Amino acid sequence: MTNADIIITNSRIITMDKARPFAQALAISGNTIARVGSAADVMEIKGPKTRVHDNRGNTVLPGIIEGHVHLFFGSAELPLVNVMGKGGLDVLKRMIAEHRKANPQLKVLHVVGATHEQFDVAIDRHLLDKLVPDISFILGCFDHHTVWANSKALEAAGIMRGRELPVGNEIVMGADGFATGELREPAAFNPMLALTPTGGRDALGFTTGGDPTPPATSQQRANDEEIIRHGIAHANSLGITSMHNMDGNWYQLQLLDALHQ
């Protein structure tokens, strides 16, 4: 009989088994749950190197399997200002001010999680110019199908006067011949993501499926591995133990393989 590597005891374990919905302890050998039951039953496979964790009566439940995630893209967004569900324009102003005070050398402000109706006014470059007139400001919609940009960002990306795009993508243009700031779908907003610290490498699997051009440097690759590592740790902290990654390219596969190794 194989000894357990880890035993978790003194627990309220939710087994998902209708015949025995709860248990006191479980044992893990390698990456397999070797035994679930009473403390006495499970302690039978304790060995000299088994680590025993007293769970102090807390609940243990199966790991959550996330069915649809964009791992690299989402991981890179974790440190950004996120306004999802945070309130209106006054809250956005406060969050921007706080973030810029904490990051005085910021050259591009990237905020995510917005909705079209969140601020009770139309979102366009003129609104964003009032909020952030001096540096590029990119505001991402929560659904990742729309991005808004201020004038500095549109000019830096070279799309203030629009650009020919594939069908289904749109740089919304105003009657004056200039971009309004609303960018619909990846071909329209990829120039914005290229302005960010990652250069948009995190979004390539989601938007084009292509690899970074030019190829990522060794330092960029190391930074990107750390971004994904942080994202996985964040998911684990929420009880997510498996994820179905819904985008990718060869570059992202190489990053994941490096972490796996």
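For the single chain, residues carry numbers from 1 onward in sequence order. Values in this document were obtained by computation on a predicted structure and should not be read as measured data.
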Beyond-backbone contact of V147 with I138, side-chain heavy atoms, under 4.5 angstrom: yes
Nonpolar side-chain network containing V121, other nodes, edges under 4.5 Å: V81, V83, L89, V91, L92, M95, I96, L106, L109, V111, F119, I123, L127, L128, L131, V132, I135, F137, L139, W148
Donor-acceptor pair between H244 and E66 side chains, under 3.5 angstrom: no
Listed once per pair and sorted, the side chain to side chain donor-acceptor pair (under 3.5 Å) pairs that draw on residues 68-78, sequence neighbours left out: H68-H70, H70-D247, E77-H144
Residues forming a salt bridge (Lys or Arg N to Asp or Glu O under 4.0 Å) with E225, sequence neighbours excluded: none
W250: hydrophobic cluster co-members (side-chain, 4.5 Å): L253
Remaining members of hydrophobic cluster (4.5 Å side-chain criterion), M43: I7, V42, V52
NZ/NE/NH1/NH2 to OD/OE distance under 4.0 Å, R229 and E226: yes
I64-I232 co-clustered via ILVMFWY side chain contacts under 4.5 Å: yes
Pairwise side-chain contact, F73 with L193, heavy-atom cut-off 4.5 Å (strictly under): yes
Value rounded to 0.5 Å, distance of CG in L61 from OG1 in T59: 7.5 Å
Pairwise side-chain contact, I227 with D202, heavy-atom cut-off 4.5 Å (strictly under): no
More than 12 heavy atoms from other groups under 6.0 Å of CE on M16: no
Pairing residues for R184 by the side chain to side chain donor-acceptor pair (under 3.5 Å) criterion, not counting sequence neighbours: E170, E182
Partners meeting salt bridge (Lys or Arg N to Asp or Glu O under 4.0 Å) with R51 (sequence neighbours left out): none
Cationic N near anionic O, under 4.0 Å, R161 to D176: no
Contact check, side chains of I171 and L165, non-hydrogen atoms, under 4.5 Å: yes
Sub-4.5 Å side-chain heavy-atom contact between I228 and L71: yes
Spatial distance of atom CG (N150) from atom NZ (K130) [nearest 0.5 Å]: 13.5 Å
Over 12 non-hydrogen atoms of neighbours within 6.0 angstrom of NZ in K86: yes
List the atom pairs, with distances to 0.1 Å, where a side-chain N or O of residues 25-36 and a protein N or O form a donor-acceptor pair under 3.5 Å, not counting sequence neighbours.
unit_1, atom_1, unit_2, atom_2, d
S29, OG, N3, O, 3.3
R35, NH1, D41, O, 2.8
R35, NH1, E44, OE1, 3.0

Nearest atoms (heavy-atom pairs only) where A39 meets T9: CB-OG1, 3.7 Å
For the student: nearest non-hydrogen atoms of R163 and A157, plus distance: NH2-O, 3.2 Å
For M192 against A149, the heavy-atom pair lying closest together: SD-CB, 3.3 Å
Value rounded to 0.5 Å, distance of CD in E185 from OG1 in T146: 6.5 Å
M246 reachable from M243 in the ILVMFWY side-chain graph, under 4.5 Å edges: no
Pairs satisfying side chain to side chain donor-acceptor pair (under 3.5 Å), at least one member in residues 113-125, at least two apart: R125-S151
N249 to G210 - nearest heavy-atom pair and separation: ND2-O, 2.6 Å
For Q219, side chain to side chain donor-acceptor pair (under 3.5 Å) partners two or more places apart: N223
All pairs passing side chain to side chain donor-acceptor pair (under 3.5 Å) where residues 10-28 contributes a residue, at least two apart: N10-D54, S11-N55
Hydrophobic cluster (4.5 angstrom, side-chain heavy atoms) - remaining members for V112: L80
Electrostatic pair R201-D224, nearest N-O below 4.0 angstrom: yes
Stepwise side chain to side chain contact (heavy atoms under 4.5 Å, CB included) check, Q252 with N245: CA-CA 11 Å; Q252 189 174 163; N245 193 35; 2.9 Å; yes
Test item: N169 side-chain N/O and A187 main-chain N/O as donor-acceptor pair under 3.5 Å: yes
Non-hydrogen side-chain atoms of N103 and H99 separated by less than 4.5 Å: yes
Crowding at CG, L238 (>12 non-hydrogen neighbours, <6.0 Å): yes
F22 vs I14, side chain to side chain contact (heavy atoms under 4.5 Å, CB included): CA-CA, chis, key distance, verdict: CA-CA 5 Å; F22 301 103; I14 299 175; 4.1 Å; yes
Minimum side-chain heavy-atom gap I8-V60 below 4.5 Å: yes
